[in-house]
Number of protein chains: 2
Amino acid sequence: MELQLQIKMNEKLFVRNPEQTELGRKIIQFSIQLIYENGFEAFTFKKLAEVIGSTEAGIYRYFENKHRLLIYLTAWYWSWLEFRVTFHLNNISDPSIKLKKLIQLLAANVIDDDSTIYVNESILHQIIIAEGSKAYLTKHVSDDNKDRLFKPYKDLCSLIAGIILEYNPHYTHPRSLASTIIEMAHLQVFFMNHLPSLTDFGESRDEQLVVEYLEDLVFCSIRK
Amino acid sequence: MELQLQIKMNEKLFVRNPEQTELGRKIIQFSIQLIYENGFEAFTFKKLAEVIGSTEAGIYRYFENKHRLLIYLTAWYWSWLEFRVTFHLNNISDPSIKLKKLIQLLAANVIDDDSTIYVNESILHQIIIAEGSKAYLTKHVSDDNKDRLFKPYKDLCSLIAGIILEYNPHYTHPRSLASTIIEMAHLQVFFMNHLPSLTDFGESRDEQLVVEYLEDLVFCSIRK
DNA sequence: TAAATTAGATAGTAATACTATCATTTGATA
DNA sequence: TATCAAATGATAGTATTACTATCTAATTTA
């Protein structure tokens with residue numbers, strides 16, 4: 001069985017839908033590659049155009065600017081992750097097992113899953129760790145939020161908050177704890193790799209240690 | 001008694017020490033103002049130079065580029081905060097009271113304290129919330145880290161980790177919890193103000209709710 | 001076959017992120 | 001008070017970035 005995953009993206013994220021054309025898909029594929037290699041600051045549409053054998057103007061037909069492209073990539077990632085989470089938690093009724101699986105999915109290294117040929121999910125995961133928060137840390141967050149650009153992130157957060165409440169309906173901060181889990185699943189991995197003294201994982205580079213930390217944090221907090 | 005607080009900054013943070021000249025102090029003062037008003041991305045040395053009646057080249061004599069200036073401001077902030085924390089926790093022996101005061105100092109709105117004329121700590125605090133993580137979320141974190149540019153952040157983290165261990169010497173993740181507290185004290189406030197559905201604080205804009213959330217998170221985790 | 005969509009090629013502009021040079025002011029020192 | 005060095009200001013210039021505009025060629029679709 002070969003299935004291609006298609007994620008329906010908010011129209012405001014792009015000028016022209018990149019998933020519907022060859023060039024569009026190349027933009028997604030190679031922007032992920034380039035941002036991963038050079039970082040978001042050094043990434044330009046010109047460099048991207050050169051790599052994919054197109055022109056700057058060509059890229060601008062799909063995305064207003066590189067920041068919008070970053071928001072697109074993050075939105076895609078969160079949608080994909082929500083799908084993945086939903087899929088993996090299917091048929092599990094015990095909320096504590098759900099939460100454990102969830103933390104695993106958030107913090108553990110992703111293996112490119114071939115469900116989309118032009119998105120390397122493993123590399124995209126790395127990008128989201130290092131660049132993801134730049135999508136919303138801007139002067140125009142509120143405007144972007146009005147355009148619902150962060151809906152996938154918020155949906156995932158809601159999903160997690162729901163499971164937390166399943167586990168303990170009296171817990172008072174399900175959403176804040178959910179966003180804490182999401183953010184820390186990424187940031188503790190980043191710290192482990194680049195600023196290890198901000199963590200207790202040394203230079204191990206072992207994401208399972210982050211998983212253990214988060215499990216402890218979460219289950220202590222929501223214990224009935 | 002009028003005291004001027006002088007924070008000794010790492011020499012690698014600047015080209016020429018901005019605290020020692022009038023122009024340097026103006027750069028600090030007005031860069032804080034401009035980054036606050038326009039966001040870090042829209043902030044340029046040219047605009048800064050115009051505001052303080054100097055020239056672009058003049059600013060470059062103090063800071064290599066705007067990213068270094070951001071690192072300088074964050075380093076200054078963390079040093080100042082560590083001093084503040086040390087000061088406020090002085091003579092307190094009960095580590096649980098220490099932790100509560102600490103969370104309060106991290107998450108609550110700062111009032112400009114006049115201990116430094118050219119730094120508006122209240123606005124700087126706002127900047128660190130929205131822009132602070134951009135200081136380390138780069139391709140060259142590790143190089144910057146080798147130059148010890150993030151030492152003040154790490155020192156504060158160590159301080160907090162120490163208090164956590166005072167409270168419970170057997171807690172396994174004092175550093176990760178410390179960096180989680182620091183990051184979340186800022187991020188939950190940002191979310192509360194701009195993406196409220198990622199929190200449980202609604203549009204209240206009341207930082208005390210963030211304080212309560214963090215206290216709950218921390219004390220549940222480190223309970224003996 | 002005509003019409004529309006998509007892409008490529010080229011050009012151009014304003015702003016950004018710097019670097020270099022030289023003259024002037026200021027302030028410390030002898 | 002003369003002198004020297006440090007700090008600043010003024011000006012100019014470059015490469016790159018972040019776009020916008022226009023025109024043509026190729027491809028698809030009706």
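Throughout, protein chains are lettered first and strands after them, A, B, ... in sequence-line order, and every chain is numbered starting at 1.
Note on A:Glu41 versus A:Lys134: salt bridge recorded, some NZ/NE/NH1/NH2 to OD/OE distance being below 4.0 Å. Residues B:Asp144 and B:Lys12 are not paired through a salt bridge, judged by the lack of any N-O separation under 4.0 Å between the basic side chain and the carboxylate.
Taking the ring axis of A:Tyr36 as reference, the NZ or CZ atom of B:Lys139 stays within 45° of it and closer than 6.0 Å to the ring centre.
Spacing between atom CG of B:Leu23 and atom P of C:dT25 amounts to 17 Å, rounded to whole angstrom units. Taking atom CG of residue A:Asn65 and atom C1' of nucleotide C:dT16, one finds them 16 Å apart after rounding to whole Å. Residue A:Arg16 contributes atom CZ, which lies 6 Å from atom P of C:dA7 at whole-angstrom precision. Atom CD in B:Glu19 sits about 15 Å away from atom P in D:dA7, given to the nearest Å. At whole-Å resolution of the value, OH in B:Tyr60 and P in C:dA17 are 6 Å apart. Going from atom CG of A:Leu69 over to atom P of D:dA18 covers 12 Å, rounded to whole Å. The nearest whole Å value for the distance from the NZ atom in B:Lys66 to the C1' atom in C:dA15 is 12 Å. As rounded to whole Å, 17 Å separates atom C1' of D:dT17 from atom CD of A:Glu64.
Here A:Lys46 lies out of heavy-atom contact (under 4.0 Å) with every strand. B:Phe45 comes within 4.0 angstrom of no nucleic acid atom, judged by non-hydrogen atoms across all strands.
Using the six-membered ring where Trp is involved, A:Tyr77 and A:His186 have ring planes that are tilted, between 30° and 60° apart. Ring-plane geometry between B:Phe190 and A:Tyr136 is classed as tilted, the angle between the planes lying from 30 to 60 degrees on a 0 to 90 degree scale.
Contact annotation: B:Tyr62 side-chain N/O to D:dT8 OP1/OP2 distance is under 4.0 Å. The side chain of B:Ser54 contributes no N or O atom lying less than 4.0 Å from OP1 or OP2 of D:dT8. Note on B:Thr21: every side-chain N or O is 4.0 Å or more away from OP1 and OP2 of D:dA7.
In the model, A:Thr199 has no side-chain atom that pairs as donor or acceptor with a side-chain atom of A:Gln188 under 3.5 Å. Under the 3.5 Å distance criterion, with hydrogens and angles disregarded, no donor-acceptor pair is assigned to the side chains of A:Glu56 and A:Thr44.
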Short N/O separations, protein against nucleotides 22-25 of chain D, under 3.5 angstrom:
none

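Side-chain atoms of B:Lys47 lie closest to C:dT16 of the nucleotides D:dT20, C:dT10, C:dT16.
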